Amino acid sequence: MSIIFHERSREFHLFNDSVSYIIKILPNDQLGQLYFGKRIHDREDFGHLLEFANRPMTAILQDYGFSLEHVRQEYPAYGTTDFRLPALEILQEDGSRLTNFAYESHRIFGGKPGLSGLPATYVQEDEEADTLEVTLRDKLLDMRLVLLYTIFNKEGAIARSARFENHGRKPVQITRAMSLSLDLPDCDYQWIQFSGAWSRERQVKTRRLEQGIQAVSSQRGHSSHNHNPFIVLKRPEADEFSGEVMGFSLVYSGNFLAQAEVDTYNVTRVMLGINPFAFSWKLEQGETFQTPEAVMAYSSAGLNAMSQTFHRLYRSRLARGVWRDKARPVLLNNWEATYFDFDEDKLVEIARAAKEDGVELFVLDDGWFGSRSSDSSGLGDWYANRDRLPGGIKGLSEKIEALGMKFGLWVELEMVNPDSDLYRQHPDWAIQTPGRMPSQGRNQLVLDFARNEVVDHIYDRIEEILAESKVSYIKWDMNRSITECYSQAFPADRQGEIFHRYILGVYSLYERLIERFPQILFESCASGGARFDAGMLYYAPQCWTSDDSDAVERIKIQYGTSFGYPVVSMGAHVSAVPNHQLCRNTPLETRGNVACFGAFGYELDLKKLSDEERRIVRQQIAFVKEYRQVLQFGTFYRLQSPFEHNIAAWMAVSEDKRTAVAGYYKILNDVNCEFRRLRLSGLDPDLKYDVEGMDNWFYGDELMSAGLVTTDASAGQAVPGQFCTDFWSKLYVLKARGE
């Protein structure tokens with residue numbers, strides 16, 4: 001058992017080979033935080049880490065040495081001597097917001113419980129993890145607060161959540177319920193967030209923590225393009241390969257808040273959970289409220305090690321189903337090839353060309369249903385347009401399978417066009433506030449997934465199509481943030497629940513479809529990367545990383561995404577040039593060299609390429625098929641950042657360290673430049689490696705310490721026939737020599 005409770009000192013110690021986490025029951029029976037970091041030896045009493053002092057202007061509880069303002073707490077409340085932002089807040093019938101949740105009991109057990117209606121990490125055997133469940137009680141309210149901690153025995157990671165139980169006679173309104181709160185004893189950290197906008201998601205932003213509040217959040221009804229529910233704290237000297245790093249990830253897809261508050265004594269309070277803005281939850285007698293799960297990971301070996309912890313955990317103990325461990329098929333999506341301009345014959349011809357080049361999965365995107373011929377109508381009417389598809393989805397899917405390929409389908413189940421049969425029949429099913437003009441995005445409104453009958457209707461319509469057709473893949477899109485958030489099915493005192501109930505409805509629809517069609521590979525999409533979060537990976541093991549398919553921009557996007565999410569979860573495609581987002585012309589080789597580090601595919605009409613380009617495509621597909629196990633499931637290392645250098649690099653290494661693929665990307669060309677080497681990582685120092693295209697072999701330790709020579713034709717005077725260009729790239733394939 002990796003959790004110990006010391007009765008005399010009333011301390012809990014969660015530990016494994018990598019990490020220790022220590023909690024203490026304070027003199028007032030609330031919980032205090034003593035330590036989170038590198039594994040330390042257990043001892044009976046860590047109480048010396050809890051310090052008290054009599055400070056001016058301090059409100060006290062029992063004596064002048066004990067004030068919650070100056071104590072590191074585990075799940076703090078506001079108003080009883082702590083003036084920092086709290087982890088919880090409960091509005092009571094008399095208007096009070098004060099609470100006092102004191103220790104009542106605890107339970108330690110092997111394994112990990114699931115969270116009803118919510119995504120969460122899991123274990124397959126109880127021996128994989130141990131769980132601490134601490135129950136606190138507010139006697140006046142007769143409410144219980146249950147804090148859950150699961151430590152994974154082979155990972156430097158701890159999963160946390162909180163559950164509120166109302167045993168009292170009166171309802172209460174929960175207005176703040178964070179998933180994780182952590183008080184750290186100092187503020188000597190750099191804060192890393194992953195921010196951007198449509199087509200430039202998850203850009204790496206780094207700044208030093210200072211006194212005050214640093215935060216990112218979403219109020220859009222989804223995790224958003226703008227900020228990601230994942231943050232990192234690292235020591236200033238830490239880098240990709242060394243130093244102390246902490247990562248904090250929320251397994252949730254709705255409105256979130258991630259913040260670090262540094263007080264004027266340099267204590268850092270990290271919080272992660274549902275955004276309290278516009279949130280409330282009415283908890284009646286006998287009801288419970290469960291927060292989403294948060295996962296925190298610790299590394300003493302730099303950012304890569306922290307990321308690899310999340311990669312392993314999310315790839316194998318968050319993603320589920322038959323596709324969890326399977327290499328992803330090479331696909332072709334028709335969207336940028338045709339947009340809305342297609343019929344069945346045109347699609348079959350595009351698919352036939354794709355099959356000739358080795359593509360395994362053809363995906364039909366938007367425009368196949370209802371009266372849909374643009375983005376202004378038909379959304380919500382989930383029946384095939386027989387003018388375009390005479391045989392419906394059933395007929396088209398059978399034709400695609402007859403070519404020797406699998407068939408995939410695009411849907412946007414959460415939205416409705418006002419110009420649709422569904423909206424004309426059920427205008428009240430759209431989220432909008434009575435008496436207010438509803439705003440639109442992409443000519444559509446958001447369906448009220450807080451209502452069970454709406455979710456039931458959408459399930460029935462899509463289930464009917466999937467049941468009669470040969471669909472192996474679903475691309476689930478979402479192109480609209482929530483505005484005018486109001487549900488006509490709920491009373492006034494429950495309107496603060498709608499944002500959260502909406503995302504619970506999305507989760508429930510996913511769960512029902514996965515249970516009904518377990519063989520389907522789901523890819524989540526939200527106008528690209530607007531809902532790329534850990535919550536979605538529980539249902540869809542891969543996500544369309546960004547609508548921006550330009551290879552140069554994708555280097556940054558995929559680099560930033562890799563901090564918290566595994567490579568196999570990133571949908572990454574080769575698209576046509578000039579690129580449809582940037583109008584940039586990028587070499588076909590570079591487009592493939594970027595996209596192969598992900599769930600690989602194409603967004604173009606292969607028939608429009610030249611014979612030489614088709615030859616390159618066939619080579620790319622053959623390469624991905626040969627190495628996709630390493631590319632998608634290997635240990636991933638970031639080597640050189642596109643946010644700091646003109647040349648970016650990363651690599652993936654097989655589990656046995658005998659095969660590796662490194663991607664090397666020069667953004668802009670240079671002239672008469674220096675000789676260059678790239679230090680690799682993750683290799684076996686004692687193995688001899690052949691590098692494809694090089695005559696020599698190298699020991700692993702040389703490649704990691706002296707580096708791989710990557711000097712290109714830009715060093716010195718250009719030689720005819722030997723040159724590189726802007727947006728030049730190269731893949732280095734390493735294979736260990738046989739003994």
Side-chain angles (χ1 to χ4, degrees), residues 89 91 117-118 171 173-179 197-198 215-229 250 252-258 273-283 289-292 379-380 412-418 420 422-423 426-458 476-510 524 526-527 530-531 533 535-536:
E89 186 178 64
L91 177 61
L118 285 165
Q173 288 277 1
I174 300 172
T175 58
R176 188 180 184 97
M178 305 307 286
S179 298
W198 177 82
V216 291
S217 64
S218 174
Q219 295 81 240
R220 305 177 72 96
H222 53 94
S223 50
S224 85
H225 299 96
N226 305 76
H227 303 292
N228 196 260
L250 186 63
Y252 186 62
S253 309
N255 290 348
F256 77 92
L257 172 67
I274 294 174
N275 196 330
F277 177 80
F279 168 80
S280 64
W281 192 274
K282 186 176 183 180
L283 201 63
F289 178 80
Q290 172 66 54
T291 72
L379 193 57
E412 189 173 4
L413 303 178
E414 303 162 55
M415 305 293 157
V416 64
N417 286 129
S420 68
L422 179 62
Y423 185 78
H426 298 284
D428 60 309
W429 282 10
I431 289 178
Q432 49 189 314
T433 301
R436 303 290 184 184
M437 175 70 72
S439 56
Q440 294 186 27
R442 204 174 184 244
N443 302 302
Q444 61 198 44
L445 302 173
V446 183
L447 286 172
D448 186 358
F449 268 38
R451 300 173 65 165
N452 291 335
E453 65 269 30
V454 178
V455 176
D456 289 345
H457 172 83
I458 298 299
W476 182 320
D477 209 345
M478 189 283 294
N479 286 297
R480 169 79 153 83
S481 299
I482 295 176
T483 56
E484 295 86 40
C485 185
Y486 188 95
S487 173
Q488 297 185 47
F490 290 84
D493 61 354
R494 288 193 177 274
Q495 291 302 318
E497 303 174 13
I498 304 308
F499 275 121
H500 184 57
R501 286 187 180 274
Y502 172 85
I503 210 68
L504 293 179
V506 173
Y507 290 156
S508 70
L509 182 57
Y510 259 113
S524 64
S527 198
R531 206 160 59 186
D533 54 64
M536 295 312 298

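Position 1 is the first residue of the sequence; numbering continues from there. All values derive from a computational prediction rather than experimental measurement.
Between Val455 and Ser508, the shortest heavy-atom distance links the atoms CG1-OG, 3.9 Å. Nearest approach of Ser439 to Leu445, heavy atoms of both residues: O-CD2, 3.3 Å. Minimum interatomic distance between Asn275 and Ser218 (heavy atoms only, all atoms of both residues): ND2-O, 3.1 Å. Taking both residues in full, the closest heavy atoms of Met178 and Pro276 are given as SD-CG, 4.4 Å, listed atom of the first, atom of the second, then distance. Taking all atoms of both residues into account, the shortest heavy-atom contact from Gln440 to Pro418 is NE2-CG, 3.6 Å. Considering all non-hydrogen atoms of both residues, Ala177 and Thr291 come closest at O-CG2, 3.7 Å.
In this structure, the salt bridge (Lys or Arg N to Asp or Glu O under 4.0 Å) partners of Glu89, at least two apart in sequence or on a different chain, are Arg97. Applying the side chain to side chain donor-acceptor pair (under 3.5 Å) criterion to Trp429, with sequence neighbours excluded, gives no partner residue. By the side chain to side chain donor-acceptor pair (under 3.5 Å) test, Arg176 pairs with no residue at all, sequence neighbours left out. Judged as a side chain to side chain donor-acceptor pair (under 3.5 Å), and not counting sequence neighbours, the contacts of Gln444 are Glu412. Taking Pro427 as the reference, Tyr423 meet the side-chain contact (heavy atoms from CB on, under 4.5 Å) condition, with sequence neighbours excluded. Listed by chain and number, the residues in a salt bridge (Lys or Arg N to Asp or Glu O under 4.0 Å) with Arg220 amount to none (sequence neighbours excluded). In terms of the salt bridge (Lys or Arg N to Asp or Glu O under 4.0 Å) criterion, Glu484 has no residue partners (sequence neighbours excluded). Judged as a ring pair (Phe, Tyr, Trp, His ring centres under 6.0 Å), and not counting sequence neighbours, the contacts of His500 are Tyr252, Trp281, Phe289. Legend: residues meeting side chain to side chain donor-acceptor pair (under 3.5 Å) with Asp533, ordered by chain and number and at least two apart, are Ser223, Ser253.
Summarising the geometry, atom SG belonging to Cys485 is positioned 12.0 Å from atom CD belonging to Gln432; distances are rounded to the nearest 0.5 Å. Taking CG of Leu447 as the reference point, atom CD1 of Ile482 lies at 10.5 Å (rounded to 0.5 Å). Residue Asn255 holds its CG atom at 8.5 Å from CD1 of Ile503, rounded to the nearest 0.5 Å. Here the CG atom belonging to Leu504 is positioned 5.5 Å from the CG atom belonging to Leu118, to the nearest 0.5 angstrom. Within the model, atoms OG1 of Thr483 and CD of Gln219 stand 14.0 Å from one another, a figure rounded to the nearest 0.5 Å. One finds the CZ atom of Arg501 at 10.5 Å from the CG atom of Asp448 (value rounded to the nearest 0.5 Å).
Contacts classified as ring pair (Phe, Tyr, Trp, His ring centres under 6.0 Å) and involving residues 477-499 (residues at least two apart or in different chains) are not found. Pairs of residues two or more places apart, or lying in two chains, that qualify as ring pair (Phe, Tyr, Trp, His ring centres under 6.0 Å) and include a residue from residues 437-456 are Phe449-Tyr502. Sequence neighbours left out, the pairs with a member in residues 427-439 that pass salt bridge (Lys or Arg N to Asp or Glu O under 4.0 Å) are Asp428-Arg451.
Residues Leu379 and Ser420 fail the side-chain proximity criterion, which asks for heavy atoms closer than 4.5 Å. Side-chain contact between Met415 and Val446 is present, with heavy atoms from C-beta onward closer than 4.5 Å. Between Met536 and Tyr507, some side-chain heavy-atom pair lies under the 4.5 Å cut-off. Within the 4.5 Å cutoff, the side chain of Leu509 has no heavy atoms near those of the Glu414 side chain. Counting heavy atoms from C-beta outward, His457 and Leu422 have side chains that approach closer than 4.5 Å. Side chains of Leu91 and Ser280 form no contact here, defined as non-hydrogen atoms less than 4.5 Å apart.
Without hydrogens or angle criteria, Glu497 side chain to Lys282 main chain gives a donor-acceptor distance under 3.5 Å. Judged by distance alone, with hydrogens and angles left aside, the side-chain atoms of Ser179 form a donor-acceptor pair with the main-chain N or O of Pro292 at under 3.5 Å. Under a 3.5 Å cut-off, the side chain of His225 and the backbone N or O of Ser527 do form a donor-acceptor pair. A donor-acceptor distance shorter than 3.5 angstrom exists from the side chain of Asn417 to the backbone of Asn443, with no hydrogens or angles considered.
When only modelled atom types and interatomic distance are considered, Asp493 and Gln173 share no side-chain donor-acceptor pair under 3.5 Å.
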Show the numbers, then the answer: is there a side chain to side chain contact (heavy atoms under 4.5 Å, CB included) between Arg442 and Arg480?
CA-CA 7 Å; Arg442 204 174 184 244; Arg480 169 79 153 83; over 6 Å; no

Between Val454 and His426, does the side chain to side chain contact (heavy atoms under 4.5 Å, CB included) criterion hold? Intermediate values first, please.
CA-CA 10 Å; Val454 178; His426 298 284; over 6 Å; no

